[in-house]
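Order of appearance sets the numbers: ligands from 1, and atoms from 1 within every ligand.
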Amino acid sequence: MHSRHLSRDSLLDFALTLSNTRAVLITAGALIDGSGAGLLRPGAVLVEGDRIRAAGTRIEAPADSERIDLPNATITPGLIDCHVHLSDAGLADASVQDQDPPALRVLRMAEHARRTLTAGFTTVRDAGGRDHLEFALRRAAHEGLIRTPRLVLAGKIVSMTTAGASSWPGMYRQADGVSDVVKAVREQVAAGADVIKIMATGAVLSPGHERPTSAQFTREELRAAVDTAHAMGLRVAAHAHGVEGIARAVVAGVDTIEHGTHLHEDPGVAKEMAARRVFLVPTLKALERIAEGTGVPEDMRSKAQDRRSDRDRTFRVALEFGVPIAMGTDAATPFNRHGENAEELALMVALGMTPIAAITAASGVAARALGREDIGVLAPGRLADIVVWDGDPSHDIQILLRAPRAVFLGGDRVM
Ligand SMILES: [Zn+2]
């Protein structure tokens, strides 16, 4: 008798709620839970609504549960990429799209997000967008217009005035002096940022005279950015290649170091990162592709070629000293395309990580780097972001480079 008071829409909502609360039991040949624990055989996850109810080997499911059985497959958490730029496509020279209309750029972002999600990446941290269009992208996802991974957004990158920052229209908020840095950080928070990205050194993808080894921002400016962000509950990611800039950023209290290329030059800084639990996001793939890419402006390409061995040494030093390593690709740099994010895990394994450790870097550790204790591990109460892969990626990491068998985002099967 209540139904006549309900509109068609609310009846439909009610029906959807009922169907969503029916539990789903996913079973497979194996499971990797993202905590760092080894492979379990067989694997099973019980999903109720948008949450994981249980995960392990054999699970008692309610009698009316829906069952999805995928033998010879492995269940992992939805993967997390801690460093992407959804605004850009991975072209040799991104500047050819700088003058394109915003509507076209947003549609491209939506396609980049879709490719990322269907490759098994259910969360990305966007480490610098363009013109704050990424906030509109997230609204479109919340309105159900498009599907994207969960988006952790930085808004514009806060940088001191540089030629590099000026050469990427809409991507940077240049700020000089403590009060301007504070204002720049607050502007990103006001726009909807979840994390603040700052430049602590020069970059590779900048005009030739700007050196990746030179420290940027004063210690006071770095401290002001970190204190302003932390006071509002946001984490800070610092772009840093040179070891002096890395050290200053770590002392200022940043939460993640992006790239970290020359960290190996001072093991004391690596020890400090390990002690303070500052995460390294190595972005191995970015330098690799810039160094090899034809059509990449020559001054940028040579900067990448010069420091490939630094990158490799730093990765090994970080492993040796126990620096927490979270996976990030820097997707959108030349030939570093959205949807091919898992190639980073293959590079991590090639440099000495075990496949389980690489998967953990892209799940449980990445979630900690983002301050998201609700994702990243297949455990009761966490969001049901789940991927199922044909084969066993703990044996062959290349399996993650192929299309997954199934992807669940918050309990919804998206492929
Ligand atoms: Zn980046």
Side-chain angles (χ1 to χ4, degrees), residues 80-95 97-98 109 112-113 116 121 123-134 149 151-159 162 164-174 188 193-206 210 212 216 235-242 245-246 249 254-262 279-291 293 296-297 300 303-304 307 311 314 325-338 340-341 343-344 347 362 366 369-370:
I80 300 169
D81 189 330
C82 295
H83 193 134
V84 305
H85 303 275
L86 288 174
S87 56
D88 286 63
L91 303 178
D93 180 357
S95 69
Q97 294 186 336
D98 280 351
M109 288 173 79
H112 300 158
T116 306
F121 286 80
T123 300
V124 295
R125 184 177 61 170
D126 190 283
R130 296 243 199 180
D131 295 314
H132 285 170
L133 296 176
E134 59 280 8
L151 300 175
V152 177
L153 302 176
K156 293 185 183 179
I157 304 167
V158 179
S159 164
T162 64
S166 305
S167 65
W168 293 82
M171 190 176 269
Y172 288 84
R173 163 63 161 90
Q174 298 181 70
Q188 306 321 306
D194 310 291
V195 60
I196 296 299
K197 167 85 176 292
I198 59 174
M199 297 295 281
T201 73
V204 170
L205 294 177
S206 62
E210 188 180 305
Q216 296 188 349
R235 297 194 165 212
V236 178
H239 160 109
H241 290 290
I246 297 171
V254 305
D255 302 283
T256 66
I257 293 289
E258 312 299 307
H259 321 301
T261 313
H262 293 268
F279 295 81
L280 175 67
V281 182
T283 68
L284 303 171
K285 199 181 155 189
L287 268 193
E288 182 106 354
R289 294 299 158 83
I290 297 166
V296 177
M300 301 176 185
K303 280 194 271 185
R307 39 188 55 80
R311 178 203 70 165
T314 282
I325 296 174
M327 181 276 196
T329 54
D330 210 355
T333 53
F335 306 102
N336 187 354
R337 297 182 188 93
H338 301 284
E340 298 173 359
N341 313 58
E343 290 173 358
E344 180 77 12
L347 290 170
L370 270 46

Residues that A154 engages under side chain to side chain contact (heavy atoms under 4.5 Å, CB included), provided they are two or more places apart: V195, K197
Looking at E134 and S87, would you say the former's side chain and the latter's main chain have a donor-acceptor pair under 3.5 Å? no
Listed partners of R173 passing side chain to side chain contact (heavy atoms under 4.5 Å, CB included), at least two apart: K156, A175, D180, K183, A184, E187, Q188
Interatomic spacing from CD in Q97 to CG in D88 - rounded to 0.5 Å: 7.0 Å
Excluding waters, which protein N, O or S atoms are within less than 2.8 Å of the Zn ion (ligand 1)? H83 NE2, H85 NE2, D330 OD1
Only counting residues at least two apart or in another chain, list the ones meeting ring pair (Phe, Tyr, Trp, His ring centres under 6.0 Å) with H239. H241, H259
Just by distance, do the side chain of R311 and the backbone of R307 share a donor-acceptor pair under 3.5 Å? no
